Amino acid sequence: MKNIVVLGSTGSIGTQTLEIVRYHKDIRVLALAAGSNIDLLEAQAREFLPDLVCVWDQEKARELAGRLKDVPVKVCAGMDGLLEAASMEQADMVVTAVVGMIGIRPTIAAIEAGKDIALANKETLVTAGHLIMPLAKEKGVKIYPVDSEHSAIFQSLKGEDSARISRILLTASGGPFRGWTREQMKDVKPEDALKHPNWFMGRKITIDSATMVNKGLEVMEARWLFDVDFDRIEVVVQPQSVIHSMVEFLDGGIIAQLGTPDMKLPIQYALYEKERKSLPGDRLDFKTLGKITFEAPDFVNFPGLALAYQAGRTGGSAPTVFNAANEWAVSRFLDRKIGFLAITDLIGEAVERHYVIENPTVEQILDCEAETYEFLNGKVF
Ligand code: NDP
Ligand code: MG
């Protein structure tokens, strides 16, 4: 039986991962980790009986330990807890479904310990891909993408030689404001931005989809996962979210993966290491769908995408600053402290003033994150 650890088990990806575990009943959950939602974590611990449960918030961890006294489970807290969960001896695979750069250290710890990774936490690869990919190679660890676009590319590459890739065509829905001008977006509120047309996801990634920053992060994620340069990664807007991404090969042939917008397929494909297993859910009906349409991305009204290509091409610590500024700005936008357009404006400002460090270490990445927060905290809004 395969043993997995789920970091971020109470979130959108985490709960869907556990749905798959519940459905197939042939995977054992060794550890679960979350930020602060101990009500759901308690229910998950009682259902899956892991050896270890980790809560970021110390106080909440203590409370959960009290609640779980009757269950043979160890409760730990903070980064130490995440690192312990990520490197548990019996674990075969770690599902990285926490949101944000907090995932860097646990992901590295898991790879160091030889665990395969089902990677949802794109912020980690965006900021530390130059460390993670060579480390995974050195340790013989496989990284299975969970992000739907990257899973689609991964599926399209099955049986193919990645040296024969001509272009990666990364599809994007365009989000709730597709076709809008910046002027039309200036008074957008969190509740408007949280209405994604096709996908139901966590709050942060839903805002990232509305600004198109998510697609920018995915371009950088693709660069590391598939070892292609930025000139060969093209974003194509496909508003129905039916084509999850495509690969064009040297002979001009294009292979795509299609399906309904349901994250359970990419999660399952990663969990079972490319095995096609049954999965209940809606199926595509081309007759009712009628058409699949395409558009070019709007780099002018959605500057986040252009900034991402720029940060990615600059490399070094630039993607960290891009990502950290975005994490900071999205959280302030959700708290109604800044406007929608300020998110990408602030990313631009933070990246612009940053003096790039080439090949940053984990410590330097975390320092750049802290410096970016410090810069943004010092601004008056
Ligand atoms: P959610 O916000 O729904 O869930 C985030 C999870 O991370 C929660 O379990 C949360 O716990 C946990 N968490 C947050 N902070 C910490 C912390 N400091 N320590 C431990 N756990 C923490 O996010 P999503 O599931 O939407 O996204 C997770 C990742 O997957 C992101 O990187 C996202 O970009 C990526 N992704 C998501 C997709 C989706 O469909 N949702 C699609 C593709 C990629 P708590 O509940 O207690 O706050
Ligand atoms: Mg995606």
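Excluded from the calculations below are hydrogen atoms, water molecules and symmetry mates; all remaining heavy atoms, backbone and side chain alike, are included. What you see is a predicted model, and the numbers here were worked out from it, not measured in a lab.
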Side-chain donor-acceptor pair present, [X], [Y], cut-off under 3.5 Å:
{"X": "Asn37", "Y": "Thr10", "value": "no"}
{"X": "Gln268", "Y": "Arg276", "value": "no"}
{"X": "Asn323", "Y": "Asn326", "value": "no"}
{"X": "Gln257", "Y": "Ser151", "value": "no"}
{"X": "Gln44", "Y": "Glu42", "value": "no"}
{"X": "Thr171", "Y": "His244", "value": "no"}

[X] and [Y]: same hydrophobic cluster, using ILVMFWY side-chain contacts below 4.5 Å?
{"X": "Ile153", "Y": "Val236", "result": "no"}
{"X": "Phe226", "Y": "Trp224", "result": "yes"}
{"X": "Met133", "Y": "Ile165", "result": "yes"}
{"X": "Leu307", "Y": "Leu217", "result": "yes"}
{"X": "Val55", "Y": "Val71", "result": "yes"}

Is it the case that more than 12 heavy atoms not belonging to [X] sit under 6.0 Å from its [atom1] atom?
{"X": "Glu191", "atom1": "CD", "result": "yes"}
{"X": "Arg164", "atom1": "CZ", "result": "no"}
{"X": "Arg105", "atom1": "CZ", "result": "no"}
{"X": "Lys74", "atom1": "NZ", "result": "no"}
{"X": "Lys277", "atom1": "NZ", "result": "yes"}
{"X": "Glu275", "atom1": "CD", "result": "yes"}
{"X": "Glu358", "atom1": "CD", "result": "no"}

For the atom pair [atom1] ([X]) and [atom2] ([Y]), what is the distance rounded to the nearest 0.5 Å?
{"X": "Ile255", "Y": "Ser156", "atom1": "CD1", "atom2": "OG", "result": "6.5 Å"}
{"X": "Asp367", "Y": "Ser317", "atom1": "CG", "atom2": "OG", "result": "10.5 Å"}
{"X": "His150", "Y": "Glu221", "atom1": "NE2", "atom2": "CD", "result": "3.5 Å"}
{"X": "Leu271", "Y": "Thr17", "atom1": "CG", "atom2": "OG1", "result": "6.0 Å"}
{"X": "Tyr23", "Y": "Lys264", "atom1": "OH", "atom2": "NZ", "result": "11.0 Å"}
{"X": "Leu30", "Y": "Lys2", "atom1": "CG", "atom2": "NZ", "result": "12.0 Å"}

Problem set entry | Step-by-step side-chain contact (heavy atoms from CB on, under 4.5 Å) determination, Val213 to Phe322 | CA-CA 9 Å; Val213 163; Phe322 175 98; 3.8 Å; yes
Can you find a heavy atom in the side chain of [X] that is under 4.5 Å from one in the side chain of [Y]?
{"X": "Val73", "Y": "Leu49", "answer": "no"}
{"X": "Asn198", "Y": "Gln240", "answer": "no"}
{"X": "Val146", "Y": "Leu119", "answer": "no"}
{"X": "Asp51", "Y": "Met88", "answer": "yes"}
{"X": "Thr127", "Y": "Glu369", "answer": "no"}
{"X": "Met79", "Y": "Pro106", "answer": "yes"}
{"X": "Asp262", "Y": "Asp282", "answer": "no"}
{"X": "Leu194", "Y": "Leu334", "answer": "yes"}

Problem set entry | Evaluation steps, side-chain contact (heavy atoms from CB on, under 4.5 Å), between Ile168 and Val219 | CA-CA 9 Å; Ile168 282 180; Val219 167; over 6 Å; no
I'd like to know if the side chain of [X] reaches the main chain of [Y], judged simply by a donor and an acceptor atom lying under 3.5 Å from each other, with no hydrogens or angles considered.
{"X": "Asp116", "Y": "Val141", "value": "no"}
{"X": "Gln238", "Y": "Val242", "value": "yes"}
{"X": "Thr124", "Y": "Ile104", "value": "yes"}

Exercise. Step by step, would you call Ile4 with Val21 a side-chain contact (heavy atoms from CB on, under 4.5 Å)?
Worked result: CA-CA 10 Å; Ile4 66 163; Val21 171; 4.0 Å; yes
Should [X] and [Y] count as an ion pair when the cut-off is N to O under 4.0 Å?
{"X": "Asp229", "Y": "Arg232", "value": "yes"}
{"X": "Asp70", "Y": "Arg46", "value": "yes"}
{"X": "Arg22", "Y": "Glu19", "value": "no"}
{"X": "Arg62", "Y": "Asp57", "value": "no"}
{"X": "Arg353", "Y": "Glu349", "value": "no"}

Exercise. Is the distance between the ring centroids of Phe340 and Phe333 less than 6.0 Å?
Worked result: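 Phe340 vs Phe333: aromatic centres under 6.0 Å.
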Exercise. Would the Tyr272 and His24 ring centres measure less than 6.0 Å apart?
Worked result: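 For Tyr272 and His24, the ring centres are under 6.0 Å apart.
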For this session: Report yes or no: is the cationic atom of Arg178 (NZ for Lys, CZ for Arg) under 6.0 Å from the centre of the six-membered ring of Trp180, at an angle within 45° of the ring normal?
Result: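 No; the conditions do not both hold, so Arg178 does not lie above the ring face of Trp180.
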Exercise. Any idea which heavy atoms bring Ile243 and Ala256 closest together, and the distance?
Worked result: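 Nearest pair, atom of Ile243 first, then Ala256: CG2-CB, 4.0 Å.
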Exercise. Between Thr96 and Asn121, is a side chain to side chain donor-acceptor pair (under 3.5 Å) present by the stated rule, with each step listed?
Worked result: CA-CA 6 Å; Thr96 63; Asn121 178 226; 5.1 Å; no
For this session: Determine the interplanar angle of the Tyr144 and Phe154 rings, folded into 0 to 90°, and report it as parallel if under 30°, tilted if 30 to 60°, perpendicular if over 60°.
Result: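 Ring orientation, 0 to 90° scale: perpendicular.
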